[in-house]
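Inspection log for the structure reproduced underneath, given as structure tokens.
It should be emphasised that the depicted structure is a prediction, and the values quoted were computed from it without experimental measurement. Each chain gets a letter, A, B and so on, in the order its sequence line appears, and its residues count up from 1.
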Amino acid sequence: MLDAPLSFWLDQTINGVVIGNIYALIAIGLALIFGVANLVNFAHGSVFMIGAYAGWVCITRLHWPLPAAMLTAATLSAIVGVLIERIGLRGLYDKARIAPLLATIGISFTLDQIVQLIFTATPQGFPAPLPEQRIPLGTVSIGLLDVLIAAITVGAALALFGFLRFTRLGWALRAAAQDREAAQQMGVDTDRANMLAFAVASALGGVAGVLVGMYFNSVYTSMSFQATIKGFVANLLGGLGSVSGAILGGILLGLIESYGVALFGASYRNLFSYAMLVLVLVFLPQGLFGARRALPPEPLTGTFVPSGGRVRLPRAMMALTIGAALVPLLSDNPYLLQTLSSAFLFALLALSVTLVTGMAGQTSLGQAGFMAIGGYASALLVMRVGVPFELALLLAALSAALVGSLLMTPVFRLRSQYMAIATLGVGEIVNQVILNWDAVTGGALGLSRIPPPTFLGAPIIAPRDVYWATLVLLVAGGLLAWRMAEAHLGRTWRAIRDDEVAARAFGVNLARYKWLAFLASGFIAGLSGAFTAHTYSYINHETFAVNTSILALTMVILGGMGNLAGAVLGALALTAAPELLRAVADYRYLLYGLVLVLLIRFRPQGLLGTL
Amino acid sequence: MSVAESTLLEAHALHREFGGVVAVRDVSFAVRRGEVVSIIGPNGAGKTTLFNLLTGLDRPDAGRIWFCGHEITALSPERRAALGMARTFQHGRAFGNLTVLENVLLGAHLRQALTAPDSTPLSALRELGAAILKPPAYADEQRRLRHRAFALLQRFGERLTPRAHQPAYTLSYANRRRTEMARALALQPTLLLLDEPTAGMNPTETAEVLDFLKTLKAEGLTLLLIEHKLGLVMELSDRVIVMDNGVVIAEGAPESVRRDPRVVEAYLGHTHWGTPSSESLP
């Protein structure tokens, strides 16, 4: 590949710059919002996707001219952005930074699902309404769309620069970004400044959506999450919150991806962004061009831990839970049993999250990565090595614990929202490695025909057997977590969560206890992943994705941070309940998103309270 | 530089600045074993910065620190804690979601056999194993620590014992400060650093704290405290260090410091802002 002709590399460069321009357009919006609200807006990708669909409707259905479609997309996106700020975030600015971050994740779930309900999940073809003319430039050529993309990005950046620099409103925005309270006292309406930032950022995001739709000739709902990640990485490369840095970062990311794909293959594209996400956050938090400034300071207690709200489980509910264990004696409805089995596996994952996030305060959005390691390890051990399932399950959980916690060590030094994003990156890196490590993992094909779990050699296939097995696993995981929670370890974790500085002053070695938390958490998540793999019989690199991690965290927040019973309750409430109420099953992610947003806003202690 | 046998803590030429603003300038002093030393000075004098340098939460730009005969300038806070240094915080930093008893138990973190601050993966795994399996030695140790923690709570009379199992965030401000003090004592420190132990307390509560600190002094514990209430400082301290603008401007026995004109000007001048006589320039 390295001996390819120069024109090949020139083409890659042009590709990279064009894609980079789009990333830049997304990143500018994220930077603007980060600057004003000190918030990583995970709903930005959804706004981008809504813009893409708006443009698609205008062009392919209404046959409007391109400028009108762009304008409509920008306007609609701006309105959505303003609504996000007004409804989802306005009340959260004085909370720990992780709170609005999680709220935007919830909003993003909700918006994505709404769009999916309207347009279905199938990608829609999006022919660019531009002549297929290419402008020759020596040995290479540039398409009209490429020029348009570059022009719009540059134009938008210049307009934004002028607006921030030369208008009163722009000054107000910058003042609010620098010091919210001081700006307020000088008469700046910071609420309006926030709203304005969201409107402008979202309009740019919407335009970027239309451009991406035309560039790749399709629009689809899952483009939302990737857009957020790419935009965030671009923003990070350029220095969080810096608009000019966002442009450079976007183009740089585009080039890295383009060259990387040329050298290693298309399946590596996302690996680069996730690797950069983690590496830059950990080692270059001020970005490539930023002044030597650390990440903006976080409040000293770096986690999202509201005090109190502790509720003792009513005895009736305990009885109900134990009663639930007897379900198979009363009913052998396979649908009911399967639903509960999968809820138990989720509860196990939620337990793993409550150890590391609820107790130790290290917000993890990478738990699905632990599951993936467990799932693949167990399946491979049984299929390739011939290890009996019972032993493979244990070994898989141990590998998830060891490998997973080792991968997480670089993020120990990060706090709050940065920790959350970096763990998300680590979880996705696991999946990207699985995707690209063909020889071992089967690559994009995944692993199929994984044998079912066994107990003493007898396969566990009947729904009733699976039910009992998952219940036993959940109880075992729960006991393990409980033993640690009520030992000195639980106390030490909770102290770290409440106040790292004070904990250090009493001799607590933070790295050691964070590692132990991720180790224990990885073990339990690995158990869940391993068992899941054998009951699914087919897994691939998308089986254990970010959504699963986010869902698990939502369960923990719902149940109450650090509250073991709460984690199980949260898992049952969010997986079994919608399944059993068939009417809402289709709106599942809408429900998850709403639950997350409402919890963060109104009851951050969750149902059973923080322990 | 040799450290005299009876010297417990020695700071030499400590310097710390934040973006050009000097918070601590060339500060040197020593604390002997069993001594009670108070640092006083107006707000912004650099007292808390000095505390942070001593306990390792912040690093000096220049200067060195010795404690118990070891140079600790580059040691982490957890290592200094392991050497026997405990502190309370200016604005109170009890662990909000831990109960009062758990707060004190956390103070005894280093009194557990398996929690040495120099960590290896193996020692961490041993600790994890003990926490899960709870072998008899571990259970005994935890029981002993609980007894001791409870005994520490009892030293505060009826203030903390009835609330031993309440989370700290439910406590009154004064009780949170008491919890912090009990937590610091649980470390079994050789040096206790107290950052404004009576801030926000009424006269009765302040008198109670004074009595308590006198008891600690009588037991031979070395105390270094930052305090604004001069009555308490004069009654308790063997020696007083006065800081202003990051510099030590006077040091000596309480009576002599009280009469030092530089102190009257710098410190009392600030507290009696309205009296013209004390604001004369040198």
Atom pair CG/CD1 of B:L224 and B:I226 - distance to nearest 0.5 Å: 7.5 Å
Residue from B:L187, B:T170, B:L133, B:I132 scoring the most non-hydrogen pairs under 4.5 Å with chain A is B:I132
Could you tell me which residues in residues 138-147 of chain B have at least one non-hydrogen atom under 4.5 Å from a non-hydrogen atom of chain A, sorted by residue number? B:Y138, B:Q142
Please verify the inter-ring angle class for A:F518 with A:F412; under 30° counts as parallel, over 60° as perpendicular, anything in between as tilted. parallel
Measure distances from B:T88 to the heavy atoms of chain A and classify the residue's part below 4.5 Å as side chain, backbone, both or neither. neither
Most heavy-atom pairs under 4.5 Å with chain A, out of B:A184, B:S123, B:G56, belong to B:S123
Using non-hydrogen atoms only, which part of A:A511 is less than 4.5 Å away from chain B: side chain, backbone, both, or neither? neither
Any ion pair linking A:R491 and A:E486 (charged N to carboxylate O, less than 4.0 Å)? no
Do the charged groups of B:E10 and B:R64 touch, with an N to O distance under 4.0 Å? no
Under 4.5 Å from any heavy atom of chain B - which part of A:W482: neither
Answer with side chain, backbone, both or neither: which region of B:A82 has an atom nearer than 4.5 Å to a non-hydrogen atom of chain A? neither
Max heavy-atom pair count under 4.5 Å with chain B, selected residue of A:A505, A:G507, A:A503: A:G507
Among B:A131, B:G107, B:A124, which residue forms the greatest number of heavy-atom pairs with chain A at distances under 4.5 Å? B:A124
Of the backbone (N, CA, C, O) and the side chain (C-beta and beyond), which part of A:L519 lies under 4.5 Å from a heavy atom of chain B, both, or neither? side chain
State, without any angle test, whether B:H91 and B:D195 hold a side-chain donor-acceptor pair at a distance under 3.5 Å. no
Which atoms of B:L106 are under 4.5 Å from chain A, going by heavy atoms: the side chain, the backbone, both sets, or neither? both
Considering only heavy atoms and a distance below 4.5 Å, find which of B:L114, B:T55, B:L105 pairs most often with chain A. B:L105
Side chains of B:N52 and B:R87, donor plus acceptor under 3.5 Å: yes
Hey, which of A:T357, A:L355, A:V353 is the one that makes side-chain contact (heavy atoms from CB on, under 4.5 Å) with A:S364? A:T357
Lys/Arg N to Asp/Glu carboxylate O, B:E219 vs B:R155, below 4.0 Å: yes
Taking every heavy-atom pair that is under 4.5 Å apart, which of A:N509, A:L510, A:L479 has the most such pairs with chain B? A:N509
Among B:P121, B:S119, B:S76, B:A81, who wins on heavy-atom pairs under 4.5 Å with chain A? B:S119
Counting distance only, does the side-chain N/O of B:Q166 pair as donor-acceptor with the main-chain N or O of B:R163 below 3.5 Å? no
Just give me the residue among B:N103, B:L128, B:L57, B:T120 that pairs up with chain A most often, heavy atom to heavy atom, under 4.5 Å. B:L128
Could you tell me whether the side chains of A:Q367 and A:S352 share a donor-acceptor contact shorter than 3.5 Å? yes
Which pairs with one or both residues in residues 168-177 of chain B pass salt bridge (charged side-chain N to carboxylate O under 4.0 Å, His left out), sequence neighbours excluded? B:R177-B:E180
Between A:H488 and A:Y513, does the ring centre distance come in under 6.0 Å? no
Per-residue contact mode, B:R183 against chain A (heavy atom under 4.5 angstrom): both
Lys/Arg-Asp/Glu bridge criterion (N-O < 4.0 Å) met for A:R415, A:E500: yes
Close aromatic pair by centroid cut-off 6.0 Å: B:F89 and B:F51: no
Among A:V508, A:L480, A:T492, A:L489, which residue forms the greatest number of heavy-atom pairs with chain B at distances under 4.5 Å? A:V508
